[in-house]
Every structure is written in C-alpha cells, then in structure tokens.
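Single-structure report; data block below.
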Amino acid sequence: MNRILIGNSNNKIGVIKQDTIIIDIKENTNILIKDILFKKYLFNVYDAKLNVLIVNENKRDVNYEINIYKGNVSFNNLSYNSSDVKLDINLNKENSNILVYNSVISKKKQKYEISINHNKKLTNSNIYNNGVTKEDGSILFNVSSFVPKKSKDCVVNQNSKIITLNDTNDNEINPILLIDEFECEAKHAAFIGNFNQNELFYLMSRGLSKQDAMNLLINGLLIGTLDVCFNEKENLKKKLNDDWR
Amino acid sequence: MLEIKDLSVKVENKLVLDKFNLTINDGETHVIMGPNGVGKSTLTKVIMADSNYKVINGDIIYNGKSILKLKTDERARLGIFLAMQNPLEIDGVTNSDFLRTALSSKEKKNINLYSFIKKIDKAKEDLKMPDEMVHRSVNKGFSGGEKKKNEILQMKMLEPEFIMLDEIDSGVDVDALKIVGDNINMYKKDHPSSSYLIITHYTHLLKYVKPDLVHVVKDGKIVKTGDYNLATKIENNGFNFEKVVIEAIDGSEVSE
C-alpha cells in the first residue's frame with residue numbers, strides 16, 4: 001500500500017505538464033491532497049484500488065479527471081468555501097467502480113459539474129453529494145451519468161442533498177441520467193431543505209442543545225459519510241469545528 | 001416525581017388528550033395500555049416537548065416544578081428520557097459522538113474519554129451488543145431489536161430519573177426482550193428512585209418488569225386503573241375494551 005501526500009510534503013509523484021499533474025496508479029494507493037496547486041488532476045487507475053481524500057479550501061477552480069481501467073476508486077472531496085469544481089470520470093474497462101463522496105460547505109456561489117461515462121459493461125458508479133449553505137452560499141450540483149448501448153449490467157446511482165442554513169433559494173440539483181441500454185440499474189435522489197425535525201427532536205431528547213444537535217448533524221453529513229479512516233475523520237471534524245464555525 | 005394535571009393536547013386541530021391526569025411517584029412503574037391511536041405515544045411526546053403537539057390546557061409538573069415552558073433538551077437534562085417507538089436512523093453521526101456530546105451537555109463539561117469508554121463497554125456487554133456498534137452511525141443498519149437495545153444503551157449511559165419506554169417490546173425477539181427486561185431491572189436496582197412509564201400492547205415485557213399500576217387509556221383519558229392482573233385480562237380479552245371497561249364499572253371480574 002502506497003501512501004502519498006501531495007501539498008504539504010516534498011513528495012513529487014506523477015508527471016507535471018504545465019498546470020496538470022498526471023498520476024498513474026498501478027497498485028493499491030491512498031492519496032491525501034491538502035492544497036490545490038494545479039489546475040487539473042488526472043488519475044489513471046490500472047487494476048488497482050485507489051482512495052483519494054482532497055481537502056480543498058482554495059479559491060481557484062479545479063478540474064479532476066479519473067480514468068479507470070479496472071479497479072475500485074473511492075474519491076472523497078471536502079471543500080469549504082472553494083471555487084467551482086469539475087469532475088470527469090471514465091469507466092473504461094469491465095469491473096471499474098467509482099465511489100464519490102463530495103462534501104461541500106458553501107459561503108458563496110459554487111458550481112459542481114460531475115460527469116460519469118460508463119464506457120464498458122459491468123461498471124458501477126455511486127455518487128453522493130452533500131452540501132451545506134451558509135451566509136451568501138448557494139450550491140449547484142450538476143450530475144450526469146452516461147450509459148451507452150452495449151454497456152450492459154451497469155449500476156448507476158446519484159444521491160444529492162443540500163441543507164440550507166441561510167435563506168437562499170438558489171440551490172439547485174440536476175440529476176441527469178442519459179441511458180441508452182435496457183439492462184442497467186439506475187437510480188437518483190435529490191433533497192434540498194433543512195434538517196429533519198424528527199432527527200433534531202431525537203438528538204435533543206437526549207439533552208443536546210439545538211446548536212449541538214445541528215453541529216453533530218453537519219459533521220455527520222459532511223464528514224461522517226466520507227470513506228476515509230477513523231483518525232482522518234476525527235482530524236477533519238476538529239478542523240471543521242475550529243475554523244469554520 | 002411527575003404529575004400531569006388536566007392536560008389537553010391538540011395535534012393538527014384534533015384533540016388527542018382530553019383533561020388527562022396522572023401522578024407517578026418516585027420509584028414507581030406505571031404501564032399504559034390501549035388500542036392504537038388513543039394518545040399513548042402522544043403523552044410521551046408531549047412530556048418530551050415535541051413541537052408537533054400543542055398543549056391547550058393543564059400542566060406537567062416534574063419534581064415540583066412546571067416544565068411546560070422548557071424545551072426538549074432542557075427537559076432531557078433534568079433527567080427525563082424517552083425511548084422511542086421508532087428510533088431514527090441518522091447517517092454519518094456515530095453512536096460514540098452522539099453519546100459523548102449528550103453526556104457532555106448533561107454534565108456541562110467535557111467528559112473524560114477513559115471513563116466514557118469504560119462505561120459504554122460495560123453497557124454494551126450488559127446488552128450483548130456487538131463491539132463495532134459504537135463507531136457505527138446511530139441506528140443505521142440496525143435491526144428492529146438492535147434499535148430498541150440501543151435505546152436502552154442510551155438510557156444506561158445518560159442515567160435519567162424518569163424513563164418513558166414507548167413500545168420497547170415491539171420488534172424484539174424473545175431473547176432480546178429478556179436482555180432488555182433484565183437491563184431495566186438492573187437499572188432499577190442501581191437507581192431505586194427512578195420512575196417508569198411503560199407503553200405496551202402486550203404483557204411480554206411486564207413478565208420481567210413488574211408494574212405498580214396499569215392504566216387503560218381511551219379517547220385521550222385514563223378509563224381504568226388496576227394492577228398487573230388488568231394487563232393479563234386485557235391480553236386475554238384482546239382489545240375488546242368495551243367489555244373490560246363495562247365489567248370494571250359493574251365491579252365484576254372478567255371471565256376467562
């Protein structure tokens with residue numbers, strides 16, 4: 001298992017071409033990106049497991065591209081107050097699977113363009129977008145899944161949720177499923193609104209104040225859902241509590 | 001401990017509790033039975049200050065003070081606990097985070113991690129729950145029985161004084177019910193002054209947890225009060241309440 005840190009260490013992997021970094025993954029790897037230094041991050045995965053965690057606080061737009069030639073990729077993105085993000089995923093061989101957990105805290109207008117191309121049969125994609133809007137924040141999630149003909153037995157899942165803590169009405173979720181193959185399992189869910197009153201009541205009935213209950217739910221929504229190890233989650237929670245609230 | 005005086009409650013313009021009276025003293029166990037939709041769960045939710053229910057008349061007095069104006073969390077911190085009929089699943093929030101925050105709120109200070117782990121390990125063992133549940137999301141992927149056990153775990157962790165158990169026995173298998181019953185008894189023994197309000201349809205749990213009084217609720221009122229035998233009579237007679245009530249008024253015994 002490789003563990004690679006990009007951003008706050010001297011490790012340099014992959015090839016850098018102008019504003020793009022190209023990372024080829026041929027064995028099981030964990031990648032932690034703490035600082036967005038490039039305009040584009042390109043991951044090519046060849047029959048391997050990849051877990052990426054990106055903590056994005058930068059103001060610049062960023063572009064991610066993931067090409068999977070068989071393998072499982074878990075892509076976790078936690079962005080606070082960052083700029084627009086574009087994520088392109090290409091599932092290029094059978095048994096290529098992608099899991100995306102995209103957690104967003106928005107204090108200004110933000111746009112997320114996510115597209116998934118199921119180029120071969122037996123490919124899975126599970127996309128979970130979770131956002132919270134505060135102050136002047138608003139979020140747009142555009143999620144497009146493409147399944148062309150002959151890409152049989154694909155699983156396509158999109159799930160997006162935005163919790164509105166300010167009074168914006170600009171939050172928008174567009175689940176787009178373009179499917180040209182009958183033998184395919186596809187579903188999507190979208191939710192924009194406030195926290196469930198019953199959840200708040202349940203937590204408050206155990207003695208938590210409303211603020212504590214909301215903090216717990218925000219932590220749960222944005223960090224609890226990520227597919228990263230326990231210690232990493234604790235660090236992120238601490239960071240979130242320290243410099244965001 | 002708890003006194004409910006002439007309580008009337010409306011939900012969506014429907015009167016669900018009508019001048020309801022009930023007094024529960026320290027260390028007593030009361031059981032409420034009754035058909036579906038007569039306001040049993042409503043009573044527990046009102047005591048816990050669920051905002052969906054509007055109190056239009058009466059008062060709730062807890063340890064000599066009215067709690068009607070207090071919010072849900074303030075009531076909980078006074079030592080009122082509600083084990084819910086349908087515990088919610090909360091994705092992403094782990095049991096340990098939840099309980100640690102709850103305990104810190106109750107004790108108004110950050111709790112010691114070591115004593116917390118010791119306490120939760122003990123509670124987990126008593127309830128025969130799997131080790132990894134602590135780091136799992138609250139009730140996420142739990143079976144019906146596990147959810148109910150989790151409510152008892154929370155009770156053991158938070159150590160309330162007045163405990164409401166809303167259909168804690170539904171969806172629980174025989175072995176799990178015994179564990180739940182044993183744990184309630186264990187808690188009762190450790191906290192002799194704690195009082196209980198148990199809502200149930202069956203006598204299953206009452207075989208383990210002996211009630212002091214059994215109340216039958218109908219149309220938002222207590223129509224009959226008795227002891228454990230009343231609960232068995234109700235179970236034997238099905239929900240034929242007319243019969244139970246009429247015979248109770250006549251003063252004659254219900255034939256079995």
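We name chains A, B, ... by the order of the sequence lines, and we start the count at 1 in each one. Predicted model, so just to flag it, every value in this text is computed and none were measured.
- Counting only heavy atoms from C-beta outward, the side chains of A:F230 and B:T94 never approach each other to under 4.5 Å.
- The two residues B:S105 and A:G207 make their nearest non-hydrogen contact at CB-O, 3.3 Å.
- For B:N139, the part lying near chain A is the side chain, with the backbone staying farther off; criterion is any non-hydrogen pair under 4.5 Å.
- Within the model, atoms CG of B:D50 and CG of A:N198 stand 7.0 Å from one another, a figure rounded to the nearest 0.5 Å.
- Around NZ of A:K108, the count of heavy atoms belonging to other residues, nucleotides or ligands within 6.0 Å exceeds 12.
- Residues from residues 119-133 of chain B never place a non-hydrogen atom less than 4.5 Å from a non-hydrogen atom of chain A.
- A:R206 has no carboxylate O lying under 4.0 Å from a charged side-chain N of B:D73, or vice versa, which leaves the two without a salt bridge.
- More than 12 heavy atoms of other residues, nucleotides or ligands sit less than 6.0 Å from atom CG of B:N52.
- Proximity to chain A is absent for every atom of B:P160, based on heavy atoms less than 4.5 angstrom apart.
- Proximity of A:S205 to B:R75: side-chain heavy atoms (C-beta onward) are nowhere separated by under 4.5 Å.
- Interface residue A:K210: only backbone heavy atoms are found under 4.5 Å from chain B.
- Counting heavy-atom pairs closer than 4.5 Å to chain B, the top-ranked of the candidates A:L217, A:L203, A:D212 is A:L203.
- The environment of B:D190 atom CG is dense: over 12 non-hydrogen atoms of other residues, nucleotides or ligands sit within 6.0 angstrom.
- No part of B:E74 comes within reach of chain A, as not one of its non-hydrogen atoms sits under 4.5 angstrom from that chain.
- Atom NZ of B:K5 sits in a sparse spot, with 12 or fewer heavy atoms from other residues, nucleotides or ligands closer than 6.0 Å.
- Among B:M157, B:E151, B:E89, the residue making the largest number of heavy-atom pairs under 4.5 Å with chain A is B:E151.
- Heavy-atom pairs under 4.5 Å with chain A peak, among B:K45, B:H135, B:K106, B:M84, at B:M84.
- At least one side-chain heavy atom of A:L216 sits under 4.5 Å from a side-chain heavy atom of B:D97.
- Side chains of B:L88 and A:F201 form no contact here, defined as non-hydrogen atoms less than 4.5 Å apart.
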